[in-house]
Q: 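Would you mind keeping the following structure in view while I ask a few things?
Order of listing sets the numbers, starting from 1, for every ligand and every atom in it.
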Amino acid sequence: MVPVLEEKARVEGRLRRSRRSERLRALFRETRLDSSSFVAPVFVREGVGKVEPIDAMPGVNRYSVDRLPNYVGRLTESGVNSVLLFGVPSAKDEMGTQAYSPSGVVPKAIHEVKKRFPDLLVMADVCLCEYTSHGHCGVVQNGTVDNDTTLALLARAAAEYAKAGADVVAPSAMMDGQVGSIRSALENSGHADTLVMGYSAKYASSFYGPFREAAYSAPSFGDRRTYQMDGANSREAMREIEADIREGADIVMVKPALAYLDVLSRARSRFDLPIAAYNVSGEYSMVKAAAAKGWIDEKMAALEILTSIRRAGADVIITYFAEQAANWLREP
Ligand code: PBG
């Protein structure tokens, strides 16, 4: 009697042969992580001498501007050379004034880090939700978020951040036309070289929970489903991305990453410009919480997740694991 497996293996090969040693596995590895594709989100607050831990995001802090250089220095030592700044203002109002004030916390932070780290790639999130008293991403009129009034304010914010020295501005408000109005504001204010990264396919997601605690930006009424995308839709994501490309985006994004890897992969096969994926706060905190309970291995889980995001097609990975992962990758 001929053993069935031997016959099959002679013809089709034994796939396990190439997994026999780490040398072979390394040789055949299709996807590699590299800290040059990581972007670290950073929360900047008002005040002096503040490094304030965020309960829902172990290991992540809010920094006052004077304490930023120390932290950014640590990031660059680990091999992370890109940051995405989020402002946590001390005062909020109906119109989100602090988002586009030249003396706001984000322009101050950009100045400071660019002065100390000229080679650092500085990206700035452009949205109103951290700055509005009601927590919505735009101006509220008659109970709804008004698209076109918001556009002008987002454009002002983006121009301020560019003026302060940001390399990339990243509109995340999900207003229609936000990339286009920011692109023209940049051209008209002498910042033609500033890149725009559109949060193109940004879904209304429960995974933003910890971020909203970090930025005190949970909406005080309603939710974000009239502007952020419905999680069931993938074709619509392609339309959002197409619109951002037409409006002049240099980078497009899929967010969150993990529950939307299919969307990322679909975007990758369809579009040729750089694609970013945002490994969001809830995705980070879930790993941290399970690891703290001893239920999963934090390093293995985090690297597996980051690899999956890369494998699905992301060029740029925005992740709260950036520093840790960069250090893990340097371990022998
Ligand atoms: C601002 C913004 C949010 C995130 C990035 N930019 C919050 C939101 O839309 O509620 C979430 C990031 C994260 O969860 O890590 N609009």
Side-chain angles (χ1 to χ4, degrees), residues 38-44 54-62 83-89 92 96 98-100 105-106 123-132 134-140 145 147 150-151 153-154 157-158 161 168-176 178-179 182 196-231 240 251-260 276-289 302 305-306 309 316-322:
F38 296 158
V39 178
V42 179
F43 296 100
V44 224
I54 297 157
D55 275 354
M57 302 177 72
V60 180
N61 304 300
R62 298 180 200 93
V83 294
L84 174 60
L85 300 178
F86 291 92
V88 184
K92 308 195 184 208
Q98 285 301 309
Y100 39 91
V105 68
V106 166
M123 310 186 176
D125 184 81
V126 180
C127 192
L128 299 192
C129 69
E130 298 106 291
Y131 305 91
T132 50
H134 44 71
H136 277 288
C137 299
V139 176
V140 174
V145 175
N147 197 85
T150 304
L151 288 183
L153 302 182
L154 295 173
Y161 304 162
V168 180
V169 291
S172 65
M174 285 302 279
M175 295 300 119
D176 289 328
Q178 61 183 10
V179 168
I182 286 173
V196 178
M197 173 166 73
Y199 281 68
S200 314
K202 179 176 175 179
Y203 289 89
S205 170
S206 56
F207 293 106
Y208 305 152
F211 175 97
R212 292 179 190 169
E213 183 186 315
Y216 311 107
S217 62
S220 62
F221 67 92
D223 52 43
R224 303 207 201 292
R225 286 184 290 177
T226 65
Y227 40 104
Q228 298 181 347
M229 283 184 61
D230 186 323
E240 285 282 4
I251 313 168
V252 293
M253 191 195 299
V254 174
K255 176 191 173 187
L258 275 194
Y260 301 90
Y278 200 141
N279 178 213
V280 301
S281 58
E283 298 171 341
Y284 170 83
S285 299
M286 285 195 298
V287 174
K288 285 284 176 183
I305 285 171
L306 296 173
I309 296 170
V316 176
I317 304 177
I318 303 164
T319 176
Y320 302 94
F321 281 114

Q: Do C137 and R224 touch side chain to side chain, with heavy atoms closer than 4.5 Å?
A: yes

Q: Which residues satisfy the ring-ring contact (aromatic ring centres under 6.0 Å, His included) test with F321, sequence neighbours excluded?
A: Y284

Q: Can you label the angle between the Y227 ring and the H136 ring as parallel, tilted or perpendicular, going by 30° and 60°?
A: perpendicular

Q: Considering the options D125, V168, V169, L85, which one meets the side chain to side chain contact (heavy atoms under 4.5 Å, CB included) requirement together with Y161?
A: V169

Q: For residues 203-211, run the donor-acceptor check on the side chains, cut-off 3.5 Å, and write out each pair with its distance to 0.1 Å, sequence neighbours left out.
A:
| unit_1 | atom_1 | unit_2 | atom_2 | d |
| --- | --- | --- | --- | --- |
| Y203 | OH | N233 | O | 2.6 |
| S205 | OG | F207 | N | 2.9 |
| Y208 | OH | Y203 | O | 2.6 |

Q: Distances for all N or O pairs of ligand 1 and the protein under 3.5 Å?
A:
| unit_1 | atom_1 | unit_2 | atom_2 | d |
| --- | --- | --- | --- | --- |
| ligand 1 | 6 (N) | K255 | NZ | 3.4 |
| ligand 1 | 9 (O) | K202 | NZ | 2.7 |
| ligand 1 | 9 (O) | Q228 | NE2 | 2.9 |
| ligand 1 | 10 (O) | R212 | NE | 2.7 |
| ligand 1 | 10 (O) | R212 | NH2 | 2.8 |
| ligand 1 | 10 (O) | R224 | NE | 3.0 |
| ligand 1 | 10 (O) | R224 | NH2 | 3.4 |
| ligand 1 | 14 (O) | S281 | N | 3.3 |
| ligand 1 | 14 (O) | S281 | OG | 2.7 |
| ligand 1 | 15 (O) | S281 | N | 2.8 |
| ligand 1 | 15 (O) | Y320 | OH | 2.6 |
| ligand 1 | 16 (N) | S172 | OG | 3.3 |
| ligand 1 | 16 (N) | K202 | NZ | 2.9 |

Q: Checking D176 now: which residues fulfil salt bridge (Lys or Arg N to Asp or Glu O under 4.0 Å) with it, not counting sequence neighbours?
A: none

